[in-house]
Amino acid sequence: MSAASPFPKANPSAEVSANSALEAEGLGFSYGERKALSDVSFAIARGEIFGFLGPNGGGKTTLFRLLSTLIPLQSGRARVLGRDLAGNTVEIRRKMGVVFQHPSVDGKLTVLENLQHHGRLYGISGRKLNDRAATMLESLGLTSREGDLVETLSGGTRRRVELAKAMLHQPEMLLLDEPSTGLDPMARREFFGHLEQLSRRDHVTIVLTTHHMEEAERCDRIAMLHEGQLVACAAPSALKSQVGGDVVVIHALAPELLQRKLLAQLKLKCTLIDGTLRIERPRGHELIRELVDTFGAEIESVSFGKPTLEDVFVHLTGHKFNVSGDPPQ
């Protein structure tokens with residue numbers, strides 16, 4: 001991609017006080033000649049639930065690896081909990097809990113044993129370790145499962161064990177990479193409920209990557225990533241307000257021809273994306289009758305709805321939100 005961004009400049013720190021948990025400016029990262037991140041800047045407030053939303057290949061995983069200190073910075077700067085990410089990784093790791101996309105619990109150990117072994121890695125032992133483990137098990141509804149082998153647990157329960165383990169050393173920030181991967185919708189909502197509890201009750205800063213719109217909707221703010229660039233950063237409601245009214249979606253037999261006719265006959269500008277026509281317009285339901293009356297023979301289906309985060313992504317990038325087929329970054 002060229003150095004100049006085609007997207008409007010986001011104001012990522014407009015809603016963040018000076019007492020931020022995480023600040024990044026001009027982050028860039030390349031794998032050889034392939035640029036995974038380009039000039040990414042944002043700020044996250046303490047106690048905030050902040051989500052990085054983007055399709056596969058958008059740069060989320062690379063950003064997660066940078067923030068979790070798994071890979072070093074190449075360009076730009078970042079401060080995590082007041083410490084420079086480039087030079088204080090040991091201190092940062094002690095104040096951060098991490099939940100990876102792929103399970104990091106040992107299936108051959110019990111729930112309690114997983115927590116105990118993790119605690120010892122952080123120098124916690126004896127009564128202090130037992131007390132903290134008991135607290136986390138109770139907080140996440142796992143007390144009755146502490147003696148069960150992790151491999152016998154459901155996906156949602158295993159994810160709660162991951163969360164209990166990550167919070168055992170009482171970190172100030174919790175960083176999660178696609179935390180609901182493999183969970184059904186009910187387990188996903190339950191898991192996010194635990195994250196909200198950690199944020200609201202314990203004032204833990206929650207930072208996550210996701211491609212689930214439902215998950216992103218529950219964040220205080222989200223940053224949208226597309227092809228390694230940050231294209232927007234705001235509360236979900238504020239982002240959806242950027243779309244001009246309702247979104248009318250038209251499936252047509254000859255979409256390109258219909259696009260030209262809509263402009264010529266009705267002065268309607270629409271976007272053609274993957275064979276689908278999209279029109280942003282207030283009171284979209286009033287347009288549908290006119291479309292059907294005028295072009296009924298050429299339209300296979302037409303629908304309208306209030307803007308979603310996916311509509312925001314399409315509005316800003318001109319691309320569909322693709323969650324399959326591209327290699328993750």
Side-chain angles (χ1 to χ4, degrees), residues 47-56 60-61 64-65 67-68 96-119 121 129-130 132-171 173-220 222 236 308-310 321 323-324 328:
E48 186 174 23
I49 300 179
F50 190 95
F52 290 102
L53 174 68
N56 289 342
K60 302 189 305 298
T61 298
F64 173 85
R65 290 170 179 165
L67 299 180
S68 60
M96 180 188 292
V98 181
V99 175
F100 297 97
Q101 180 175 354
H102 300 291
S104 61
V105 286
D106 191 325
K108 300 298 182 182
L109 298 179
T110 67
V111 171
L112 180 58
E113 287 170 342
N114 268 278
L115 268 60
Q116 290 172 331
H117 283 293
H118 184 74
L121 293 176
L129 175 57
N130 292 333
R132 285 198 188 176
T135 298
M136 291 313 307
L137 291 172
E138 181 179 1
S139 175
L140 290 162
L142 292 167
T143 302
S144 63
R145 310 301 299 271
E146 67 174 35
D148 294 352
L149 293 177
V150 168
E151 66 183 5
T152 67
L153 305 177
S154 66
T157 305
R158 289 190 196 187
R159 243 4 189 170
R160 280 189 283 149
V161 177
E162 297 261 11
L163 187 54
K165 190 182 77 167
M167 290 300 301
L168 186 69
H169 62 290
Q170 298 178 326
M173 177 184 291
L174 187 61
L175 191 61
L176 309 100
D177 186 23
E178 300 282 0
S180 58
T181 296
L183 300 185
D184 60 50
M186 183 176 295
R188 189 181 304 142
R189 287 191 293 271
E190 181 183 87
F191 182 79
F192 206 94
H194 290 298
L195 297 182
E196 289 176 329
Q197 187 178 49
L198 287 172
S199 171
R200 310 312 180 209
R201 183 193 64 194
D202 301 328
H203 308 293
V204 177
T205 304
I206 308 291
V207 183
L208 60 94
T209 68
T210 186
H211 63 263
H212 290 292
M213 299 296 170
E214 174 192 354
E215 211 164 67
E217 287 276 8
R218 295 176 69 171
C219 294
D220 296 319
I222 57 174
T308 65
L309 289 177
E310 185 168 4
F321 193 95
V323 295
S324 62

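Small disclaimer: the values here were computed from a predicted structure and weren't measured.
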* Asked: Which pair of non-hydrogen atoms, one from F321 and one from G54, has the smallest distance, and what is that distance?
  -> CZ-C, 3.3 Å
* Structure fact -> Closest heavy-atom pair, V105 versus E162, reported as atoms and distance to 0.1 Å, is N-OE2, 3.6 Å
* How many angstroms lie between OG1 in T110 and CD in Q116, if you round to the nearest 0.5 Å? -> 7.0 Å
* Asked: If we only count heavy atoms from C-beta on, is the L109 to H117 side-chain gap below 4.5 Å?
  -> yes
* Structure fact -> CD of E151 to CZ of R158, rounded to nearest 0.5 Å, is 7.5 Å
* State whether the side chain of T210 and the backbone N or O of L53 hold a donor-acceptor pair below 3.5 Å, judged by distance alone. => no
* Looking only at atom types and distance, does a side-chain atom of H169 sit under 3.5 Å from a main-chain N or O of M96, one as donor and one as acceptor? -> yes
* **Donor-acceptor contact present, side-chain R188 to main-chain E215, <3.5 Å** => no
* Hey, is the main chain of P236 close enough, under 3.5 Å, to the side chain of E217 for a donor-acceptor pair? -> no
* To do: Spell out, as yes or no, whether a donor-acceptor pair under 3.5 Å connects the side chain of D202 to the backbone of V204.
  => no
* CD/E138: more than 12 non-hydrogen atoms of other groups inside 6.0 Å -> no
* **Nearest heavy atoms of K60 and T209, plus distance in Å** => O-CG2, 3.8 Å
* Structure fact -> When rounded to the nearest 0.5 Å, the distance separating CZ of F52 from CG of D177 is 11.5 Å
* Which distance, rounded to the nearest 0.5 Å, do you find between the CG of L112 and the CG of L129? -> 8.0 Å
* Separation of R159 CZ from H194 NE2 (nearest 0.5 Å) -> 13.0 Å
* Asked: Minimum heavy-atom separation for R145 to V111, with atom names?
  -> O-CG2, 3.3 Å
* Residues two or more places apart in sequence or in another chain: which of them pass ring pair (Phe, Tyr, Trp, His ring centres under 6.0 Å) with F191? -> none
* Where F64 and L176 come nearest, the two heavy atoms and their spacing -> CE1-C, 3.7 Å
* To do: Would you check if L309 and I222 make a side-chain contact, meaning some heavy-atom pair closer than 4.5 Å?
  => yes
* Asked: Who pairs with A164 by side-chain contact (heavy atoms from CB on, under 4.5 Å), at least two apart in sequence or on another chain?
  -> L115, M136, L140, L142
* In sequence, state the C-alpha distance, the side-chain angles, and the governing distance for R218 and I49, and then conclude on side chain to side chain contact (heavy atoms under 4.5 Å, CB included). => CA-CA 8 Å; R218 295 176 69 171; I49 300 179; over 6 Å; no
* Asked: How far does CG of L174 sit from CG of L163, to the nearest 0.5 angstrom?
  -> 6.0 Å
* Which atom pair, heavy atoms only, marks the closest approach of V161 to V150? -> CG1-CG2, 4.5 Å
* So, the side chain of S139 versus the backbone of T135: is there a donor-acceptor pair under 3.5 Å, distance only? -> no
* Say whether, by atom type as modelled, one donor and one acceptor occur between the side chain of S199 and the main chain of G47 under 3.5 angstrom. => yes
